[in-house]
Participant: 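First the structure, then my questions, so here it is.
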Amino acid sequence: MMYDDNNIFAKILRGQIPCKKVHEDSHTLAFEDINPQAPVHTLVIPKGKYVSMTDFAAKASDAELAAFSRAVLKVVEIKGLQAGGYRLITNNGLNGGQEVPHLHVHVVGGQPLGPMLSRK
Ligand code: AMP
């Protein structure tokens with residue numbers, strides 16, 4: 001899938017749409033989800049143009065890959081999630097229910113999160 005420069009997270013990265021920033025480094029940005037599903041719901045995105053985890057794992061540099069994992073850890077620390085536990089979610093493509101075509105990890109926690117998948 002081609003990267004769409006007009007996706008909403010690309011606009012956030014360009015500063016065209018505001019976000020509530022949680023953490024930033026040269027390769028990643030973390031910000032609050034606009035529609036939180038738990039007491040903590042923060043998104044971590046790479047600054048590079050990667051549609052999905054598939055794209056990122058295949059094409060990102062080692063520095064970008066490392067920075068992304070570390071940024072997730074940073075958010076976990078900032079939000080105080082380590083002791084109580086948390087969940088990471090990355091939706092990929094159609095079956096994954098991905099809505100925004102720029103890789104993002106949802107960091108959710110702050111309360112028991114229930115079963116891993118809805119049983120529809
Ligand atoms: P996904 O379904 O995994 O692609 O998740 C997209 C997420 O982006 C959803 O949880 C939305 O609430 C969130 N979202 C959409 N627009 C914004 C925005 N402008 N700022 C922060 N989060 C957003």
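In each ligand, atom 1 is the first atom listed, and ligand 1 is the first ligand listed.
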Participant: Is it possible for you to say whether I45 and V51 belong to one hydrophobic cluster, with membership spreading through side-chain heavy-atom contacts below 4.5 Å?
Facilitator: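 No, I45 and V51 fall in different hydrophobic clusters.
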
Participant: Pull out every atom of ligand 1 sitting under 4.0 Å from any heavy atom of G97, numbered as shown with elements.
Facilitator: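 Counting from 1, the qualifying ligand atoms are 2 (O).
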
Participant: For E99, counting its heavy atoms only, list the atoms of ligand 1 lying under 4.0 Å from any of them.
Facilitator: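 Atoms satisfying the 4.0 Å criterion: 1 (P), 2 (O), 4 (O).
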
Participant: Identify, for atom 7 (C) of ligand 1, the protein heavy atom at the shortest distance, and state residue, atom and that distance.
Facilitator: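 It is D33 OD2, 3.5 Å.
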
Participant: Examine N91 against ligand 1 and note whether any of their N/O atoms are separated by less than 3.5 Å.
Facilitator: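 Yes; at least one N/O pair falls below 3.5 Å.
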
Participant: What I want to check is whether the side chains of T28 and D25 have a donor and an acceptor closer together than 3.5 Å.
Facilitator: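 On atom types as modelled, these side chains qualify, holding a pair under 3.5 Å.
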
Participant: Can a salt bridge be assigned to the pair D5 and K49 using a cut-off of 4.0 Å between side-chain N and carboxylate O?
Facilitator: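 Between K49 and D5 there is a salt bridge, with a charged N closer than 4.0 Å to a carboxylate O.
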
Participant: Looking at M53, is its backbone amide N or carbonyl O close enough to the side chain of N92 to form a donor-acceptor pair, meaning the two atoms are under 3.5 Å apart?
Facilitator: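 Side chain of N92 to backbone of M53, a donor-acceptor pair under 3.5 Å: yes, one is there.
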
Participant: Does a side-chain N-to-carboxylate-O contact under 4.0 Å join K79 and E32?
Facilitator: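 Looking at E32 together with K79, the answer is yes, because their closest N to O distance falls below 4.0 Å.
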
Participant: Please write down residue, atom name and distance for the protein heavy atom closest to atom 21 (C) of ligand 1.
Facilitator: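 Of every protein heavy atom, I34 N, 3.3 Å lies nearest to atom 21 (C) of ligand 1.
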
Participant: For ligand 1 and I8, I'd like to know whether there is a polar contact (N/O to N/O, distance under 3.5 Å).
Facilitator: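 Checking ligand 1 against I8, no N or O pair falls under 3.5 Å apart.
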
Participant: Measure from the side-chain N and O atoms of R87 to the backbone N and O of H106, and report whether any donor-acceptor pair falls under 3.5 Å.
Facilitator: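 No; zero donor-acceptor contacts below 3.5 Å.
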
Participant: Going by distance only, is there an N or O of V100 that falls short of 3.5 Å from an N or O of ligand 1?
Facilitator: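 Right, the criterion is met.
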
Participant: As an exercise, identify every atom of ligand 1 less than 4.0 angstrom from a heavy atom of N35.
Facilitator: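 Counting from 1, the qualifying ligand atoms are 12 (O).
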
Participant: Check each of L73, V22, T42 against I78 using the side-chain contact (heavy atoms from CB on, under 4.5 Å) test, and report the only one that passes.
Facilitator: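 Answer to the side-chain contact (heavy atoms from CB on, under 4.5 Å) test with I78 among L73, V22, T42: V22.
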
Participant: What protein heavy atom sits nearest atom 6 (C) of ligand 1, and how far off is it?
Facilitator: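 Protein heavy atom at minimum distance: H104 NE2, 3.6 Å.
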
Participant: Counting C-beta onward and ignoring hydrogens, is there a side-chain heavy-atom pair between V76 and Y86 closer than 4.5 Å?
Facilitator: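 Yes; the side chains approach each other to less than 4.5 Å.
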
Participant: Once you measure the plane-to-plane angle for F56 and Y50, does it fall in the parallel (<30°), tilted (30-60°) or perpendicular (>60°) bin?
Facilitator: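 Plane angle over 60°, so perpendicular.
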
Participant: Taking the side chain as every heavy atom from C-beta outward, state whether F31 and I12 have any atom pair closer than 4.5 Å.
Facilitator: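 Yes, their side chains come closer than 4.5 Å.
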
Participant: Using a 4.0 Å cut-off to any heavy atom of Q98, which atoms of ligand 1 qualify?
Facilitator: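 Listed by number with element, the hits are 4 (O).
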
Participant: Mark up the atoms of ligand 1 that fall under 4.0 Å of a heavy atom belonging to E32, in ascending order.
Facilitator: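 Here the atoms of ligand 1 in question are 21 (C).
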
Participant: When you measure from the heavy atoms of C19 to every atom of ligand 1, does any distance fall below 4.0 Å?
Facilitator: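 Heavy atoms of C19 never come under 4.0 Å of ligand 1.
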
Participant: With heavy atoms of H106 as the reference, note each atom of ligand 1 found under 4.0 Å away.
Facilitator: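 Going through ligand 1 atom by atom, the ones under 4.0 Å from H106 are 1 (P), 3 (O), 5 (O), 7 (C), 10 (O).
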
Participant: Taking distance alone, with N or O pairs closer than 3.5 Å, would you say L43 contacts ligand 1?
Facilitator: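 In fact, backbone or side chain, L43 has no N or O that close.
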
Participant: Pull out every atom of ligand 1 sitting under 4.0 Å from any heavy atom of F9, numbered as shown with elements.
Facilitator: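 The atoms of ligand 1 under 4.0 Å from a heavy atom of F9 are 8 (O), 23 (C).
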
